Amino acid sequence: MSDRIHITTAIFYCNGAPHVGSAYEALAADVFARAMRRRHGADHVSFLSGTDEHGDKIRRAALAEALAPKAYTDKMSALFRDVFAGLNTTFDYWVRTTDAGHEKFVQEMLTRTNQRGDIYFRDYEGLYCVDCERFYTEKELLPGNVCPAHNRPVELISEGNYFLRIDKYRDEVRKKIESDELRIRPVRYKNEALNMLAEPLADLCISRPKTRLDWGIEIPFDNRYVAYVWYDAFWAYVSAPAARLGLDEFMAGAWPHTEHFIGKDILKTHAVYWPPILLAAGLPLPRHLNVHGWLNFGGSRMSKSSGNVRDPLYYETVFGPDVLRYFVMREVVYGLDGDFSEERLIERYNADLANDLGNLTSRVLAMTQRYLGGALTACATAAGGDDQDRTLAQALHGLAGRVSDLAAELAFNRALEAIWQSLDAANKYVAATAPFTLAKDPAKLPRVGAILANLIEALRVIADTLEPFMPVTSGKILALLNVDAATAHQPFGEGIKPGHKVNPPVALFPRIEKPQSA
RNA sequence: GGCGGCGUAGCUCAGUUGGUUAGAGCAUGCGGCUCAUAUCCGCAGUGUCGCAGGUUCGACUCCUGCCGCCGCCA
């Protein structure tokens, strides 16, 4: 089986600026993508994100700024792209649903699906919420026919529309989810999805009349209609790679190994609607739905109205690169809701980044300068050495493999825990061997050289393993150690050789003093 | 209303198929070191493991009921 992997974030609906929640999803997917590149080779991984730019909410957001929809989404899509770039995400594809190539692809899929026979036209009368852009049944509404999501009255609309047969595929989809052929993780969301598939499903309305909304992709077989925004947006996962590789090759290769990263709010669309859309087009399903929770802010839901939303790049500029990424990966259990607060971020910063990682780097490089003139005099004692040496070597041995396995399971917090256990082992090793005491006796300098060689190797392995989680920091430490990429990836004890020069320390994470509140 | 989850040290949480004195990190207190970003190392804790029953030689871990919080579906 091919080990090609296609990784996606959700396609972000860009009617508002990206916030820390959007950043969290992009960061989790990016950590995963980087980890998979290390595991399978960069050539075997593609990573896709982008913006969802059609639909009524976009049209109205544009109107509110007195912009044409396209001008508005040009601006918003660039904003998302720049924020994610500022967070050092490594997308191979940035898809806009208004890209000409994407629009053409959606039309091809509509034609293809129509020819296969699962699209039909019928008149429909229903209660419609313009904010949700969907029809409701009376049972779903609050008294007075009020939309439960937006707390405003729905409208009675009567119109003809195109529908996609969904229930026809329900059994097939349920079986694939049950058997984990389409695996939903964590498993609690699998159960929720199966629950949703237990009852018959209404067919999906996939068109909107232009008389009501013309900001969309025209239905190729009826120019009075545009495609429903969700139908359009799903195909963003496929359109760009299909254009680059050819649809057939993409479908035969990476697509069945797709890893969708999505929030729990869009589980239903991805577990219930997306699979039938693919099956109706005669295409295979993705492999994994990786569902994450909400990022709460100080205990309450992060939202624009509560004023607790910050530009994700604020944290890059104030705390430095990688800090936000480290915090959300270390603190949040993937799949569960997490709590984000600046106070907690500063605690983590000081305890983990300044005191553990930064200070270890600093003390090891400082001793190497002071006692060895900056150049190693010995090999690491991975295979031999005394008890202390062996304890350190054991902590580093296989670290990269453990971290890679944990990242593959989306257990990012545990992966970082494992790395920090190695950092602890290195700090204990310094205390146990006390090279600063030995260095006072010139006869013991060879041992000091061996100890520092072990510590430099430990730092190298840790910095290398840290790359998916803290790419900038990883690069900084490897640069301080003066090692090239090939050396960086070596197992513990097989990297840096005697004679190798390392650089003097710099403070990677200056301690943040708590503001003295009077 | 149906289905499911959660409730463990001050805080955030681990606790595998039930088994000896219930763990980690942070925060707190004491001791040590001094290479280092006043950093690091060691020691000390404290917990009726939501409540009440039940099964068992033995339950945080299984069963029942209740309380509280939450999610999904209707």
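All figures in this text were calculated on a predicted structure; none of them were measured in a lab. So that the names make sense, note that chain A is the first sequence line, chain B the second, and so on, each numbered from 1.
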Which nucleotide in [options] has an atom nearest any side-chain atom of [X]:
| X | options | answer |
| --- | --- | --- |
| A:Leu508 | B:U34, B:U37, B:U12 | B:U37 |
| A:Lys268 | B:C73, B:C35, B:G25 | B:C73 |
| A:Asp356 | B:C73, B:U34, B:C40 | B:C40 |
| A:Met196 | B:C35, B:C73, B:A36 | B:C73 |
| A:Arg348 | B:C35, B:C41, B:G25 | B:G25 |
| A:Asn195 | B:U39, B:G2, B:U37 | B:G2 |
| A:Ala354 | B:C35, B:G25, B:U37 | B:U37 |
| A:Glu347 | B:C40, B:C26, B:C72 | B:C26 |
| A:Asn359 | B:U39, B:U12, B:C33 | B:U39 |

Would you measure the distance from the [atom1] atom in [N] across to the matching atom in [M] and give it in whole Å?
| N | M | atom1 | value |
| --- | --- | --- | --- |
| B:C72 | B:A9 | C1' | 33 Å |
| B:G58 | B:A22 | C1' | 15 Å |
| B:C60 | B:U17 | C1' | 16 Å |
| B:C49 | B:G53 | P | 13 Å |
| B:C6 | B:U12 | C1' | 15 Å |
| B:U16 | B:U61 | C1' | 10 Å |
| B:G5 | B:G29 | P | 41 Å |
| B:G45 | B:U8 | P | 23 Å |

Distance flag, aromatic centroids of [Y] and [X], threshold under 6.0 Å:
| X | Y | value |
| --- | --- | --- |
| A:Tyr315 | A:Phe340 | yes |
| A:His270 | A:Tyr189 | no |
| A:Trp230 | A:Trp235 | no |

Between A:Phe509 and A:Lys428, whichever has its closest RNA chain B nucleotide further toward 5' is A:Phe509

Heavy-atom nearest nucleotide on RNA chain B taken for A:Arg370 and for A:Val333; more 5' hit belongs to A:Val333

Result for side chain to side chain donor-acceptor pair (under 3.5 Å) between A:Arg325 and one of A:Thr473, A:Thr89, A:Asp30 points to A:Asp30

Between A:Lys190 (side chain) and A:Glu178 (backbone), is there a donor-acceptor pair under 3.5 Å? yes

**Prompt:** Quick one: does A:Glu125's side chain have a donor or acceptor within less than 3.5 Å of a partner on A:Leu156's backbone?
**Reply:** no

Residues at least two apart in sequence or cross-chain that pass side-chain hydrogen bond (donor to acceptor under 3.5 Å, both in side chains) with A:Thr258, listed by chain then number, are none

Partner nucleotide, any strand, of [N] [Watson-Crick/G-U, under 3.5 Å]:
| N | value |
| --- | --- |
| B:C13 | B:G23 |
| B:U61 | none |
| B:G7 | B:C67 |
| B:A44 | B:U28 |
| B:G1 | B:C73 |

In whole angstroms, how far is the [atom2] atom of [N] from the [atom1] atom of [X]?
| X | N | atom1 | atom2 | result |
| --- | --- | --- | --- | --- |
| A:Ile346 | B:U37 | CD1 | P | 21 Å |
| A:Leu365 | B:C35 | CG | P | 16 Å |
| A:Leu267 | B:G4 | CG | C1' | 13 Å |
| A:Leu353 | B:C40 | CG | P | 12 Å |
| A:Asn355 | B:A36 | CG | P | 16 Å |
| A:Leu480 | B:A36 | CG | P | 16 Å |
| A:Asp424 | B:A24 | CG | P | 13 Å |
| A:Met367 | B:C33 | CE | C1' | 12 Å |

Item to complete: Could you check whether A:Pro435 gets within reach of a base, just the sugar-phosphate, or nothing at all, counting any heavy atom under 4.0 Å?
Response: nothing

Exercise for the section: Mind checking A:Asp352 for me? I need base, sugar-phosphate or nothing, with any heavy atom below 4.0 Å counting as a touch. Expected result: nothing

Practice task
Give the C-alpha distance, both sets of side-chain angles, the deciding distance and a yes or no for side-chain hydrogen bond (donor to acceptor under 3.5 Å, both in side chains) between A:Asn359 and A:Ser362.
Solution key: CA-CA 5 Å; A:Asn359 183 58; A:Ser362 181; 5.1 Å; no

Does A:Arg122 make a cation-pi contact with A:Phe163, if we ask for NZ or CZ under 6.0 Å from the ring centre and within 45° of the axis? yes

Next on the checklist: Can you tell me if A:Arg511 touches the phosphate of B:U39, counting only side-chain N or O atoms and a distance under 4.0 Å to OP1 or OP2?
Outcome noted: yes

**Message:** If you count heavy atoms of other groups shown closer than 6.0 angstrom to CZ of A:Arg447, is the number above 12?
**Reply:** yes

Protein-proximity profile, nucleotides 5-10 of chain B, B/S/- by nucleotide at the 4.0 Å heavy-atom cutoff, equals ------

